[in-house]
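Remarks on the structure that follows.
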Amino acid sequence: MSLLLEISFISDTMISFNESNSALTNLMPLSISEDKNIAQAVALLKAGETVAFPTETVYGLGADASNPKAIQKIFEIKGRPSNHPLIVHIADASKLEVWADKIPEQAWLLAKKYWPGPLTLILPRKSNVPLEVTGGQETIGLRVPDHPIALALLQAFDGGVAAPSANRFGCISPTTAQHVKDGLGAAVGMILDGGPCRIGLESTIVSFINGEICLLRPGGLSLEQIEETLHQKLTKPNATHKVRAPGMLASHYSPKTPLSIIPIENLDTRAKELSSLGLNVAIIRLGETKKSFFKNGVTTIILPSIAFEYGHQLYATLHQLDHENYDHLLAEALPSTKEWLAVNDRISRAAHER
Ligand code: TXA
Ligand code: MG
């Protein structure tokens with residue numbers, strides 16, 4: 001079955017969908033209530049199909065977490081190695097016990113305080129959780145996303161939705177429905193459009209395995225908030241965590257165009273060198289508000305020098321620059337203060353040589 005459907009929340013009633021399984025072109029504006037779209041998404045999930053949906057962090061590519069065949073489709077569509085575990089999205093913290101076992105008090109504390117929100121907890125899996133979801137591991141990642149469409153979908157589905165970011169493996173995560181469509185196209189059963197993601201960077205991942213509380217991935221929820229809530233410092237990932245999270249691979253979240261991070265004092269010289277070789281260069285700099293201009297043969301994009309706002313716009317900017325066919329991107333090196341932890345993590349992986 002293939003039903004391609006888009007919901008535009010620019011206007012509540014303007015919705016487009018296309019029942020042919022060809023590309024998402026010639027979309028017809030229709031008026032369908034939100035409930036009907038959620039019901040269609042639920043029907044697709046129950047039929048073992050995939051549904052891309054918005055969250056507050058990035059768009060997810062969802063499938064029924066209890067259906068190994070449906071999970072298989074996620075790996076195929078993403079081109080992701082099957083031993084990389086998926087996050088299971090649930091409607092609220094009370095569902096934790098359906099999926100996880102031996103849940104420590106501190107994990108409950110975080111779940112109750114920060115869900116719905118940009119936090120993923122890694123816990124021992126319940127024995128009935130399919131190994132396809134956990135990449136063959138004895139642990140499971142769980143999160144309650146903070147987005148009305150995601151929550152409506154999860155409540156109506158009444159089960160767990162396994163969902164990695166809705167992009168090809170290693171590429172930049174999508175922060176709009178258009179990014180999903182551009183990256184995955186007609187391979188996805190349905191795309192629910194909830195507008196641009198509020199945070200724009202993935203969730204923070206905290207692991208509660210082997211009596212240790214470890215930060216596997218910095219993200220939308222700050223490390224300080226977590227440590228303050230738990231009254232303890234989190235550990236750093238070691239060799240045993242390395243293969244567990246593809247988001248921890250040195251090269252990940254990458255634009256197609258090569259990207260280098262350059263200290264501010266060398267930016268102009270580097271840009272000149274590259275453009276004198278005939279290369280088409282774009283620079284991403286820090287400034288007050290987002291703007292872009294073209295001068296001396298080089299495009300400059302200014303992103304806000306507030307970490308949250310920069311993070312919110314980073315992926316969308318990289319997607320846009322990828323479309324504009326530059327030969328090389330240069331990003332001004334960012335401050336190394338704690339507010340910039342998640343942004344620095346993503347941009348350094350994006351810049352890492354593949
Ligand atoms: O914000 C997010 O977390 C988004 C939205 C869609 O929820 N999802 C997301 O999923 O970023 P994904 O698959 O692109 O990244 C999830 C990360 C991966 O690096 C994965 O390896 C790690 O979480 N992960 C999932 N389950 C795990 C587990 N059991 N143990 C260790 N890492 C796990
Ligand atoms: Mg991802």
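In listed order, ligands and their atoms are each counted from 1. Just so you know, these numbers use all the heavy atoms, side chains as well, and skip hydrogens, waters and symmetry mates. Source: prediction; values computed, not measured.
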(message) Quick test of your reading of the model: are Glu138 and Lys102 salt-bridged, counting only N-O distances below 4.0 Å?
(response) no
(request) Find all atoms of ligand 1 within a distance of less than 4.0 Å from any non-hydrogen atom belonging to Thr139, and give their numbers and elements. (result) 28 (C), 29 (N), 30 (N)
(message) Just checking: Ser165, one of its N/O/S atoms, less than 2.8 Å away from the Mg ion (ligand 2), yes or no?
(response) yes
(message) If the cut-off is 4.0 Å to any non-hydrogen atom of Ser203, which atoms of ligand 1 fall inside it?
(response) 1 (O), 2 (C), 3 (O)
(request) Return yes or no for this condition: an N or O of Tyr59 is under 3.5 Å from an N or O of ligand 1. (result) no
(request) Any atoms of ligand 1 less than 4.0 Å from a non-hydrogen atom of Ile140? List them with their elements. (result) 29 (N)
(message) With heavy-atom distances below 4.0 Å as the criterion, list the atoms of ligand 1 near Ile205.
(response) 17 (C), 22 (C), 23 (O)
(request) Before accepting this row, confirm whether a basic side-chain N of the pair Lys290/Glu309 lies closer than 4.0 Å to the acidic partner's carboxylate O. (result) no
(request) Using a strict 4.0 Å threshold on nitrogen-to-oxygen distance, state whether Asp193 and Lys181 make a salt bridge. (result) no
(message) Can you tell me if His84 contacts ligand 1 (heavy atom of the residue under 4.0 Å from the ligand)?
(response) no
(message) Under a 4.0 angstrom heavy-atom cut-off, which atoms of ligand 1 come close to Thr57?
(response) 1 (O), 2 (C), 4 (C), 5 (C)
(request) Report the relative orientation of the aromatic rings in Phe169 and His84; use parallel for angles under 30°, tilted for 30 to 60°, perpendicular for over 60°. (result) tilted
(message) Is the shortest side-chain heavy-atom distance between Trp115 and Leu96 below 4.5 Å?
(response) yes
(request) Find all atoms of ligand 1 within a distance of less than 4.0 Å from any non-hydrogen atom belonging to His89, and give their numbers and elements. (result) 5 (C), 6 (C), 7 (O)
(request) Check Arg80 against ligand 1 and report side chain, backbone, both or neither, counting heavy atoms closer than 4.0 Å. (result) side chain
(request) Check each of Gln137, Arg217, Glu202 against atom 15 (O) of ligand 1 and report the one with the nearest heavy atom. (result) Arg217
(request) Using the side chain to side chain contact (heavy atoms under 4.5 Å, CB included) rule, pick out the option among Glu332, Glu288, Arg285 that qualifies with Ile302. (result) Arg285
(request) Report the member of Asn83, Ile87, Ile122 with the shortest heavy-atom distance to atom 8 (N) of ligand 1. (result) Ile87
(message) Please compare Pro85, Ala52, Gly141 and report which has the shortest non-hydrogen distance to atom 33 (C) of ligand 1.
(response) Pro85
(message) Treating Asp64 as the side-chain partner and Lys46 as the backbone partner, does any N or O pair qualify as donor plus acceptor under 3.5 Å?
(response) no
(message) Check for me whether Leu86 has a heavy atom closer than 4.0 Å to any atom of ligand 1.
(response) yes
(request) Taking only Lys NZ, Arg NE, NH1 and NH2, and the carboxylate oxygens of Asp or Glu, determine whether Arg270 and Glu273 approach each other closer than 4.0 Å. (result) yes
(request) Give the atoms of ligand 1, by number and element, whose distance to some non-hydrogen atom of Gly60 is under 4.0 Å. (result) 6 (C)
(request) Assess the pair His89 and Phe53: is the distance between their ring centroids shorter than 6.0 Å? (result) yes
(message) Between Arg349 and Asp345, does any NZ, NE, NH1 or NH2 come within less than 4.0 Å of an OD or OE carboxylate oxygen?
(response) yes
